[in-house]
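Accompanying notes for the structure given below.
In the text below, chain A, chain B and the rest are named by the order of the sequence lines, each starting its count at 1. Treat the numbers as computed from the prediction; the structure is a model and nothing was measured.
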Amino acid sequence: MRREMASRPRRYWLMKSEPDVFSIDDLRRAPGRTTCWDGVRNYQARNFLRDQLAVGDGVLYYHSSAEPSGIAGEAVVARAGYPDPTAFDPHDVHYDPKSIRSRPTWYAVDVKFVRACAGIIPLARLRRLPAVRSMLVLKRGMRLSVQPVTEAEWRAIMTLPEWAPPE
DNA sequence: GCCAACGTTGGC
DNA sequence: GCCAACGTTGGC
């Protein structure tokens with residue numbers, strides 16, 4: 001008997017990266033416009049990567065510790081959670097001897113470039129948009145590097161003029 | 001560079 | 001299990 005692929009509604013995420021380390025332009029220039037999103041060492045974020053992110057999910061690419069910080073582009077999950085290879089590499093800054101291959105502690109996903117904003121959408125601007133007031137990234141003290149985004153928030157972000165290329 | 005907020009570590 | 005100390009994140 002034929003079976004449909006297990007399927008669920010598309011979900012949306014916000015993922016933080018310091019542009020000095022890996023920017024949206026770095027992602028565009030990466031081989032296959034894809035990178036391994038590794039090095040996450042927070043258990044809540046790990047759980048999202050391991051259990052929740054699925055191929056095709058939408059990603060808001062967020063520049064943190066930037067001038068200004070804000071949403072810099074759109075990406076898509078290209079590979080669901082798998083053991084973070086950097087955790088096994090003694091020469092990597094993210095090496096973690098607690099993580100063993102038979103029982104990995106840390107997980108990564110692959111993320112693929114979709115588009116960059118024509119102009120970054122600064123955090124201060126997001127704060128002034130009633131439609132995205134609920135976004136986790138706006139919450140004080142929120143340091144999670146992988147955050148769920150609601151469909152309503154995603155849609156509101158996608159309608160902003162910052163996405164349009166300049167005339 | 002400052003510092004608030006948060007997560008982790010480790011002594012007890 | 002408590003909690004103080006410490007390290008990290010990240011906006012400003």
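Summarising the geometry, the separation between CG on A:Leu126 and P on C:dC12 is reported as 11 Å, rounded to the nearest angstrom.
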Legend entry - Per-nucleotide protein contact string for nucleotides 3-10 of chain C, where B marks a base within reach and S marks sugar-phosphate only (heavy atoms under 4.0 Å, - for neither): ----BBBB
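Taking 4.5 Å as the limit, every side-chain heavy atom of A:Tyr61 sits out of range of all side-chain heavy atoms of A:Met15.
With side-chain heavy atoms closer than 4.5 Å counting as contact, directly or through intermediates, the hydrophobic cluster containing A:Leu129 also holds A:Tyr12, A:Leu14, A:Leu60, A:Tyr62, A:Ile71, A:Ile121, A:Leu123, A:Leu126, A:Val132, A:Met135, A:Val137, A:Leu138, A:Val149, A:Trp154, A:Ile157, A:Met158, A:Leu160, A:Trp163.
Using a 4.0 Å heavy-atom distance criterion, A:Arg127 is classed as a sugar-phosphate-only contact.
Every residue was checked against the salt bridge (Lys or Arg N to Asp or Glu O under 4.0 Å) condition with A:Arg33, not counting sequence neighbours, and none meets it.
No donor-acceptor distance shorter than 3.5 angstrom exists from the side chain of A:His94 to the backbone of A:Pro85, with no hydrogens or angles considered.
Using a 4.0 Å cut-off between charged nitrogen and carboxylate oxygen, A:Arg11 and A:Glu151 do not count as a salt-bridge pair.
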